[in-house]
**Q** 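Dumping the structure here so I can ask a few things about it.
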Amino acid sequence: MNKKIVIALMFCALPFFAMAQQLKIGHVNTSDVMQAMPERTKIEKTLNDLQSKWEADLLKMREEYAKKITDLQKNGDNMSPAMREAKQSELADMEQRMNTLVQTASNELQTEQQKLMQPVVDKVKKAIEQVGAENSFTYIIDESTQVLLFIAPNANDITNLVKQKLGIK
């Protein structure tokens, strides 16, 4: 009886073993590939230039703000209460504008980064898909997301194949 159960279980498990033998899983470090992309340098320069522009604008505002604070501290005692209140209100308005400028700059930089990087991301994705199809991979896992729990020493690292497909080292 036990022998029949074992044989029945083997027949049930055979398709799963056969299917497991057909799986071909690869992994790629997309972060490494993205760092090696030649477009990255131009994108970084564009973003740095944009950031420098925003920082220069903010620096001008901060310098003007500092002058107005110094002026208020020096001459505040000689001002009428209405004038002092108007100057304080102007300073509060400047603080709000500086905060808005920082937020706007951050949003613009993030939007510009996404806009500039999307073609590169699409290019890398396409290369991964081509490598997967050409090499009959069933699954390709991105190891740069650090979600992997285990990578066997004999795992198929396709990072270099993807770089090769993209023509980079």
Side-chain angles (χ1 to χ4, degrees), residues 25-134 137-151 155-169:
I25 300 172
H27 62 95
V28 62
N29 187 332
T30 56
S31 191
D32 186 33
V33 173
M34 296 293 283
Q35 286 296 320
M37 294 293 288
E39 296 95 328
R40 180 186 56 84
T41 305
K42 183 179 177 186
I43 290 169
E44 285 177 358
K45 183 184 180 333
T46 300
L47 293 173
N48 286 337
D49 290 348
L50 183 60
Q51 182 173 357
S52 295
K53 177 194 153 295
W54 282 109
E55 286 173 353
D57 290 348
L58 185 60
L59 181 62
K60 286 179 192 175
M61 286 182 82
R62 285 184 177 155
E63 287 171 352
E64 183 182 344
Y65 180 78
K67 285 179 188 177
K68 290 186 182 220
I69 284 184
T70 303
D71 182 50
L72 181 62
Q73 288 171 343
K74 279 184 181 178
N75 303 319
D77 293 338
N78 299 333
M79 293 180 189
S80 68
M83 180 61 92
R84 191 174 26 256
E85 190 176 311
K87 294 282 186 184
Q88 289 171 340
S89 178
E90 184 180 354
L91 287 169
D93 183 52
M94 285 187 77
E95 285 179 28
Q96 181 61 39
R97 286 190 322 218
M98 286 188 295
N99 289 336
T100 301
L101 180 71
V102 168
Q103 187 62 44
T104 302
S106 177
N107 290 341
E108 184 177 323
L109 282 167
Q110 186 177 14
T111 300
E112 189 68 14
Q113 181 182 23
Q114 288 172 346
K115 184 181 100 179
L116 293 172
M117 288 301 294
Q118 192 58 52
V120 178
V121 169
D122 292 344
K123 191 175 180 180
V124 169
K125 184 179 178 198
K126 183 178 178 183
I128 291 169
E129 289 170 355
Q130 289 173 342
V131 166
E134 290 169 5
F137 285 102
T138 308
Y139 298 101
I140 297 175
I141 300 166
D142 183 1
E143 68 181 72
S144 67
T145 59
Q146 300 180 350
V147 175
L148 297 176
L149 300 176
F150 173 76
I151 296 178
N156 297 304
D157 185 352
I158 65 163
T159 303
N160 289 330
L161 290 174
V162 173
K163 286 181 180 180
Q164 188 176 29
K165 177 62 76 180
L166 291 166
I168 55 179
K169 293 182 180 186

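Just so you know, these numbers use all the heavy atoms, side chains as well, and skip hydrogens, waters and symmetry mates.
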**Q** Among all residues two or more places apart in sequence or in another chain, which pass the side-chain hydrogen bond (donor to acceptor under 3.5 Å, both in side chains) test with R62?
**A**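 Result, side-chain hydrogen bond (donor to acceptor under 3.5 Å, both in side chains) vs R62: none returned.
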
**Q** Working to the nearest 0.5 Å, report the span between CG of L109 and OG1 of T46.
**A**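 Going from CG on L109 over to OG1 on T46, the span is 11.5 Å.
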
**Q** So, using side-chain hydrogen bond (donor to acceptor under 3.5 Å, both in side chains) as the criterion, who are the partners of D49 when residues are at least two apart?
**A**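 Expected list: K45.
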
**Q** Run the side chain to side chain donor-acceptor pair (under 3.5 Å) check on D142 and T30 step by step: do they pass?
**A** CA-CA 6 Å; D142 183 1; T30 56; 2.6 Å; yes

**Q** So, taking the atom named CD in E112 and the one named CG in L50, what distance separates them when rounded to the nearest 0.5 Å?
**A**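 With rounding to 0.5 Å, CD (E112) is 6.0 Å from CG (L50).
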
**Q** By side-chain hydrogen bond (donor to acceptor under 3.5 Å, both in side chains), which residues pair with D71, not counting sequence neighbours?
**A**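 Counting only residues at least two positions away or on another chain, D71 forms a side-chain hydrogen bond (donor to acceptor under 3.5 Å, both in side chains) with N75.
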
**Q** Apply side-chain contact (heavy atoms from CB on, under 4.5 Å) to M94 and list each qualifying residue two or more places apart in sequence or on a separate chain.
**A**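 side-chain contact (heavy atoms from CB on, under 4.5 Å) check on M94 returns E64, Y65, K68, R97.
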
**Q** Under 3.5 Å, sequence neighbours excluded: what are the donor-acceptor pairs made by side chains of residues 161-168?
**A**
unit_1, atom_1, unit_2, atom_2, d
K163, NZ, D32, OD2, 3.0
K165, NZ, E134, OE1, 3.2
K165, NZ, E134, OE2, 2.7

**Q** Excluding sequence neighbours, so at least two apart, what forms side-chain contact (heavy atoms from CB on, under 4.5 Å) with T70?
**A**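 K74.
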
**Q** For N107, give me all partners under side-chain hydrogen bond (donor to acceptor under 3.5 Å, both in side chains), at least two apart in sequence or on another chain.
**A**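 N107 satisfies side-chain hydrogen bond (donor to acceptor under 3.5 Å, both in side chains) with Q103 only.
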
**Q** Looking at M83, I'd like to know if its CE atom is crowded, meaning that more than 12 non-hydrogen atoms belonging to other residues, nucleotides or ligands lie closer than 6.0 Å.
**A**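 No, CE of M83 has 12 or fewer neighbouring heavy atoms, counting only those of other groups under 6.0 Å.
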
**Q** Identify the residue among E90, K67, M79 that makes a side chain to side chain contact (heavy atoms under 4.5 Å, CB included) with L72.
**A**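 In the set E90, K67, M79, the residue that makes a side chain to side chain contact (heavy atoms under 4.5 Å, CB included) with L72 is M79.
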
**Q** Within the structure provided, determine whether Q35 and R40 are in side-chain contact (heavy-atom separation under 4.5 Å).
**A**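 Contact flag for Q35/R40 side chains = yes.
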
**Q** Would you please name every residue forming a side-chain contact (heavy atoms from CB on, under 4.5 Å) with E55, sequence neighbours left out?
**A**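 In terms of side-chain contact (heavy atoms from CB on, under 4.5 Å), with neighbours along the sequence ignored, E55 is linked to Q51.
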
**Q** For D57, what residues pass the salt bridge (Lys or Arg N to Asp or Glu O under 4.0 Å) criterion, not counting sequence neighbours?
**A**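 Checked D57 against salt bridge (Lys or Arg N to Asp or Glu O under 4.0 Å); matches are K53.
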
**Q** Listed by chain and number, what are the side-chain contact (heavy atoms from CB on, under 4.5 Å) partners of S106, not counting sequence neighbours?
**A**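 side-chain contact (heavy atoms from CB on, under 4.5 Å) check on S106 returns nothing, list empty.
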
**Q** Just grab all the salt bridge (charged side-chain N to carboxylate O under 4.0 Å, His left out) pairs involving residues 78-87, residues at least two apart or on different chains.
**A**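 Salt bridge (charged side-chain N to carboxylate O under 4.0 Å, His left out) check on residues 78-87 returns no pairs.
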
**Q** Measure the spacing between OG1 of T104 and CG of N99 and express it to the nearest 0.5 Å.
**A**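 It comes to 10.5 Å.
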
**Q** Please table the atom pairs, donor to acceptor, closer than 3.5 Å between any side-chain atom in residues 113-131 and protein atoms at least two apart or in another chain.
**A**
unit_1, atom_1, unit_2, atom_2, d
Q118, NE2, D122, OD1, 2.8
K123, NZ, E39, OE2, 2.8

**Q** What pair of heavy atoms forms the shortest contact from N156 to F137, and how long is it?
**A**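 Heavy-atom minimum between the residues: CB-CE2, 3.5 Å.
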
**Q** Looking only at non-hydrogen atoms, find the nearest pair between V28 and V33 and report the distance.
**A**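 Scanning both residues, the minimum pair turns out to be CG2-CG2, 4.2 Å.
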
**Q** Nearest 0.5 angstrom please: N29 CG to T145 OG1, how far?
**A**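 One gets 9.5 Å once the value is rounded to the nearest 0.5 Å.
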
